[in-house]
> 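Just passing along the structure, written as structure tokens.
Predicted model only: the values in this text are computed from it and were never measured. When a ligand or atom number is given, it counts from 1 through the structure's own listing order.
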Amino acid sequence: MSEIIETKVLIIGSGPAGYTAAIYAARANLKPIMVTGNQPGGQLTITTDVENYPGFAKAIEGPFLMEQMREQAENVGTEIVYNMIADVDFSARPFTATDDSGNVYKADTVIISTGAKARWLGLPSEEKFMGLGVSACATCDGFFFKGKEVTVIGGGNSAVEEALFLTNFCSKVTLIHRRDELRAEKVMQDRLFANEKVEVIWDSTVEEVVGVGHGEDGTPGMTGVRIKNTKTGDESVVDCHGMFVAIGHDPATSLFKDKLPMDDEGYLIVEAGTPKTNIDGVYAAGDVTDKIYRQAVTAAGMGCMAALDADKFIAANE
Ligand code: NDP
């Protein structure tokens, strides 16, 4: 049976931003409720080694990190609801949100931390080599490809930034783009073309990731990508140990369409340097509002800021 649930702080989404907001809100005695969404733990639950989240001397697994965050949030007093918010109404306070089971949350403040998802090429072989060379985050995984050859797919700022970052570790970085010009800013392009470790392959799409899969003969790992020239139809294989897909991200914001301001790409707009949306008491934290940094630690920082702001807002309005 559906219920009406009242809370001072409703947190929508359960990545690093959401859990950090939950920890801070719970420790401020606000008894937050978190509704997890359909991928509890978010993007980190589909990564393997995490070496850049401070506080762990050795690499940890993404799912382990998220499990720790969940337990920490619960231990300090967060109520976690494994459900999906289907609708929100921010037109009056208390704000309301309805989940898939028809439960209605009445909340004094709402922290949105629904995150974003990396876009993938959608090839079965891409999935097969996920964690065996295929990645969507050079900052997270580049270090594992020290001295190796890698490819980056895409032609926007992310692809160029990832390619340049990878030149710090890799012996060669091949950027593969489906057109004959990049979408990235000119200054980024200049940097890319000036880097001797970078080669660009134009007018080409990835048809298949090749290599040895789990359970197959040989050491598991990708060995290359088979590409097709879009103009000539010619196919060839580019030898590489890693493929970084950088073809954009989709923020999970469809729920907030026409309810909160967002940019052309659907990221929620907040007041610069804060997690404040244009509605007092509604905050956005993490990748749902950040297309530049996209790190677990930056998301966690924003989650903390959102909880501190929510606390102040509640105190001022009580
Ligand atoms: P973009 O949407 O800007 O670029 C995506 C790129 O991927 C495009 O070149 C696109 O090709 C290509 N692409 C899309 N789908 C496919 C596909 N299925 N197969 C092959 N290629 C594909 O995404 P970004 O992540 O690069 O950037 C998103 C936003 O974040 C932008 O506003 C960007 O400016 C910003 N950003 C800013 C940074 C900074 O300021 N430091 C760093 C990173 C991002 P095509 O060009 O043909 O459409």
> Is the shortest distance from a Lys or Arg side-chain nitrogen in Asp290 or Arg294 to a carboxylate oxygen in the other one below 4.0 Å?
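Arg294 and Asp290: not salt-bridged.
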> Taking a hydrophobic cluster as the set of Ile, Leu, Val, Met, Phe, Trp and Tyr residues connected by side-chain heavy atoms closer than 4.5 Å, whether directly or through intermediates, do Val104 and Met84 fall within one such cluster?
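Looking at the clustering, Met84 is in a separate group from Val104.
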> By number and element, which atoms of ligand 1 are closer than 4.0 Å to a non-hydrogen atom of Gly248?
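Under 4.0 Å from Gly248, ligand 1 has these atoms: 23 (O), 25 (O).
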> Heavy-atom distances under 4.0 Å are what count here, so tell me which part of Val206 touches ligand 1: side chain, backbone, both or neither.
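For Val206, no heavy atom sits under 4.0 Å from ligand 1.
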> Is any side-chain N of the basic residue among Lys259 and Asp87 closer than 4.0 Å to the acidic one's carboxylate O?
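Here Lys259 pairs with Asp87 in a salt bridge, since their nearest N and O are under 4.0 Å apart.
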> Test your reading of the structure: does Glu161 have an N or O sitting under 3.5 Å from an N or O of ligand 1?
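So ligand 1 has an N or O lying under 3.5 Å from an N or O of Glu161.
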> May I ask you to identify the nearest protein heavy atom to atom 17 (C) of ligand 1, giving residue, atom name and distance to one decimal place in Å?
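The protein heavy atom lying closest is Arg178 NH1, 3.5 Å.
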> Which residue owns the protein heavy atom closest to atom 34 (O) of ligand 1, what's the atom, and how far is it?
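Atom 34 (O) of ligand 1 sits closest to the protein heavy atom Asn157 ND2, 2.8 Å.
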> Kindly say whether the aromatic ring centers of Phe90 and Phe95 come within a distance under 6.0 Å.
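Yes; Phe95 has its ring centre under 6.0 Å from that of Phe90.
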> Salt-bridge test for Glu208 and Arg226: reply yes if a basic N is under 4.0 Å from a carboxylate O, no otherwise.
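Yes, charged N to carboxylate O under 4.0 Å.
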> Only pairs at least two apart or in different chains count here, so list each salt bridge (Lys or Arg N to Asp or Glu O under 4.0 Å) that has a residue in residues 97-117.
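Residue pairs with at least one partner in residues 97-117: there are none.
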> Would Ile153 count as being in polar contact with ligand 1, using the rule that some N or O on each side must be under 3.5 angstrom apart?
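No: no nitrogen or oxygen of Ile153 is under 3.5 Å from one in ligand 1.
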> Any sub-3.5 Å donor-acceptor pair from Gln189's side-chain atoms to Ala184's backbone N or O?
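Yes; at least one donor-acceptor contact below 3.5 Å.
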> Here's a test for you: under side chain to side chain contact (heavy atoms under 4.5 Å, CB included), which of Val81, Ile12, Val110 qualifies with Tyr105?
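Output: one option passes, namely Val81.
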> Hey, is ligand 1 close enough to Gly156 that some N/O pair sits below 3.5 Å?
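Looking only at distances, the answer is yes, because the N/O contact criterion of under 3.5 Å is met.
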> Considering non-hydrogen atoms of the protein only, which is the closest contact for atom 22 (C) of ligand 1, and what is the distance?
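For atom 22 (C) of ligand 1, the nearest protein heavy atom is Ile247 CG2, 3.4 Å.
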> Who gets closest to atom 8 (C) of ligand 1 by heavy atom: Lys291, Arg183, Glu265, His249?
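Residue with the shortest heavy-atom distance to the ligand atom: Arg183.
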> Given that the side chain starts at C-beta and the backbone is N, CA, C, O, which of these parts of Leu121 lies under 4.0 Å from ligand 1, counting heavy atoms, or is it both or neither?
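Side chain only; the backbone of Leu121 stays clear of ligand 1.
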> Restricting to pairs with a member in residues 123-167, which pass disulfide bond (SG atoms under 2.5 Å apart), not counting sequence neighbours?
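Those involving residues 123-167 are Cys137-Cys140.
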> Do any N/O atoms on Arg179 end up under 3.5 angstrom from N/O atoms on ligand 1?
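Yes: some nitrogen or oxygen of Arg179 is under 3.5 Å from one in ligand 1.
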> Around atom 9 (O) of ligand 1, find the nearest protein heavy atom and jot down its residue, atom name and distance.
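For this ligand atom, the closest protein heavy atom is Gly155 N, 2.9 Å.
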> Please determine whether any non-hydrogen atom of Met188 lies less than 4.0 Å from an atom of ligand 1.
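Heavy atoms of Met188 never come under 4.0 Å of ligand 1.
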> Identify, for atom 40 (O) of ligand 1, the protein heavy atom at the shortest distance, and state residue, atom and that distance.
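For this ligand atom, the closest protein heavy atom is Ile292 CD1, 3.7 Å.
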> In the protein, which heavy atom is nearest to atom 25 (O) of ligand 1, and how far is it?
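Closest protein heavy atom to atom 25 (O) of ligand 1: Ser158 OG, 2.6 Å.
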> Can you name the one residue among Arg179, Arg178, Arg183 that meets salt bridge (Lys or Arg N to Asp or Glu O under 4.0 Å) with Glu181?
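Output: one option passes, namely Arg179.
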> Taking 4.0 angstrom as the limit and counting only heavy atoms of His177, give me the atoms of ligand 1 inside it, by number and element.
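Listed by number with element: 9 (O), 11 (O), 45 (P), 46 (O), 47 (O).
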